[in-house]
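To start, the structure itself, in structure tokens.
We number each residue from 1, following the sequence as shown. These numbers come from the heavy atoms of this one structure, side chains and all, not from hydrogens, waters or symmetry mates.
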Amino acid sequence: MIVSRDTRLASAFASNRLLATFSDDVRALIEPLATLVDLARGDMVLNAGKAVTHSLFPYDSLMISMIVELDGGRTVEVCSIGKEGAVGGIVSCGHAPAYAQAQVQIAGPAIAIPLDALEELKRNSPFIQNLFCRYADYLLAQVMQSVACNAFHSIESRAARWLLTAQDRVGGDRLALTQEALAGLLGVQRTTVNAVARQFQDEGLIAYRRGAIQVLDRRGLERQACECYAAVEGHFASIIGLKGVGTPP
């Protein structure tokens with residue numbers, strides 16, 4: 001079935017939590033600039049040291065990991081972005097090279113906006129400028145919480161947090177992700193993730209089927225996860241919320 005551009009745009013603005021805060025007037029500014037793209041698992045949308053040309057607003061199931069590569073080829077995820085946010089040029093003011101890689105972990109669609117056009121919108125729309133400043137604060141909070149989590153929390157708690165976050169991004173119980181990929185994102189050996197996955201399966205929290213992880217017991221994962229998951233979600237609500245201006249303390 002062929003889906004019209006207008007229908008896909010409507011889905012994007014309803015699904016992406018940043019775009020959903022736009023008034024009709026603000027939406028009218030950005031819609032003519034939007035290109036609809038479908039991204040596959042493994043696609044690299046940002047390369048470290050390379051220029052950022054577009055900003056991506058994921059919607060539906062798309063999930064992108066920001067990944068830092070260390071000496072020897074080791075990698076670790078520092079944050080993940082899905083339909084709650086955007087990737088590329090949102091935090092910076094003008095053109096700047098990407099610091100980290102941005103790689104698609106779970107396939108899905110996005111709206112792409114040329115960075116030049118987005119910078120013009122930020123200059124002309126106080127709402128968009130304020131919203132992106134707030135989102136930058138949220139993204140920094142996610143990175144800071146990730147640092148603390150990696151330093152002090154068990155691999156079981158970290159894995160549960162990651163699965164909960166991924167389920168939120170995807171909006172369903174099936175995560176098209178291998179245990180090997182999850183190990184790379186958590187910065188641990190595959191054998192470590194295999195042991196955690198077996199534990200979670202024995203406890204009835206997840207099932208592993210054909211290269212995908214199925215979440216069976218979300219409440220059980222929430223009990224297993226550290227406080228970092230709730231802390232980051234709470235910060236999003238407090239500074240962005242449903243209308244882009246957060247919730248008063």
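- Looking only at distances, no side-chain donor or acceptor of Thr21 sits under 3.5 Å from a matching main-chain atom of Leu242.
- Separation of atoms CG (Leu118) and CZ (Arg123) is listed at 10.0 Å; rounding is to 0.5 Å.
- Hydrophobic clustering of Ile, Leu, Val, Met, Phe, Trp and Tyr side chains at less than 4.5 Å, counting indirect connections, keeps Leu186 apart from Val104.
- For Phe13, there are no ring pair (Phe, Tyr, Trp, His ring centres under 6.0 Å) partners two or more places apart in sequence or in a different chain.
- With hydrogens and angles disregarded, a donor-acceptor distance shorter than 3.5 Å links the side chain of Asn16 to the backbone of Gly85.
- Rounded to the nearest 0.5 angstrom, Leu131 CG and Gln129 CD are separated by 11.0 Å.
- Separating the OG atom in Ser238 from the CZ atom in Arg134 is a distance of 9.0 Å, to the nearest 0.5 Å.
- No continuous path of hydrophobic side-chain contacts links Met63 to Phe236 [ILVMFWY only; heavy atoms under 4.5 Å].
- Contacts of Arg5 classified as salt bridge (Lys or Arg N to Asp or Glu O under 4.0 Å), with partners at least two apart in sequence or in another chain: none.
- No donor-acceptor pair under 3.5 Å is formed between the side chain of Asn47 and the backbone N or O of Lys50.
- Side-chain N or O atoms of Ser157 include one that pairs as donor or acceptor with a backbone N or O of Gln224 at under 3.5 Å.
- Partners of Gln214 under the side chain to side chain donor-acceptor pair (under 3.5 Å) rule, at least two apart in sequence or in another chain, do not exist in this structure.
- Remark: the backbone N or O of Ser80 is not paired with any side-chain donor or acceptor of Ser65 at under 3.5 angstrom.
- In this view, Tyr135 and Tyr138 satisfy the ring pair (Phe, Tyr, Trp, His ring centres under 6.0 Å) rule, not counting sequence neighbours.
- In this structure, OH in Tyr59 is found 6.5 Å from CD1 in Ile111, a value given to the nearest 0.5 Å.
- When the side chains of ILVMFWY residues are joined at heavy-atom separations under 4.5 Å, either directly or via intervening members, Val78 and Trp162 end up in two distinct hydrophobic clusters.
- Both Ile239 and Phe22 belong to a common hydrophobic cluster when Ile, Leu, Val, Met, Phe, Trp and Tyr are linked at side-chain heavy-atom distances under 4.5 angstrom.
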Distance-only donor-acceptor hits, side chain of residues 31-42, under 3.5 Å, sequence neighbours excluded:
residue: Glu31; atom: OE2; partner: Arg27; partner atom: NE; Å: 2.5
residue: Glu31; atom: OE2; partner: Arg27; partner atom: NH2; Å: 3.0
residue: Asp38; atom: OD1; partner: Arg8; partner atom: NH2; Å: 3.0
residue: Asp38; atom: OD2; partner: Arg8; partner atom: NH2; Å: 3.4
residue: Arg41; atom: NE; partner: Gln105; partner atom: O; Å: 3.2

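- Put simply, Ile90 and Ile113 are part of the same group of oily side chains (I, L, V, M, F, W, Y) that touch within less than 4.5 Å, one to the next.
- The structure places NZ of Lys122 at 7.0 Å from CZ of Phe132, a figure rounded to the nearest 0.5 Å.
- Taking the charged nitrogens against the carboxylate oxygens, Arg161 and Glu77 have no contact shorter than 4.0 Å, which rules out a salt bridge.
- Among all heavy-atom pairs drawn from Ser125 and Val26, the shortest one is OG-CG2, 4.5 Å.
- Side-chain N or O atoms of Asn130 include none that pairs as donor or acceptor with a backbone N or O of Pro126 at under 3.5 Å.
- Between Lys243 atom NZ and Ile240 atom CD1 the span is 15.5 Å, to the nearest 0.5 Å.
- Side-chain contact of Thr75 with Glu69: a donor-acceptor pair under 3.5 Å is absent, judged by distance alone.
- Within the structure, salt bridge (charged side-chain N to carboxylate O under 4.0 Å, His left out) pairs that include any residue of residues 168-183 comprise Glu84-Arg169, Asp168-Arg218, Glu180-Arg190 (at least two apart or interchain).
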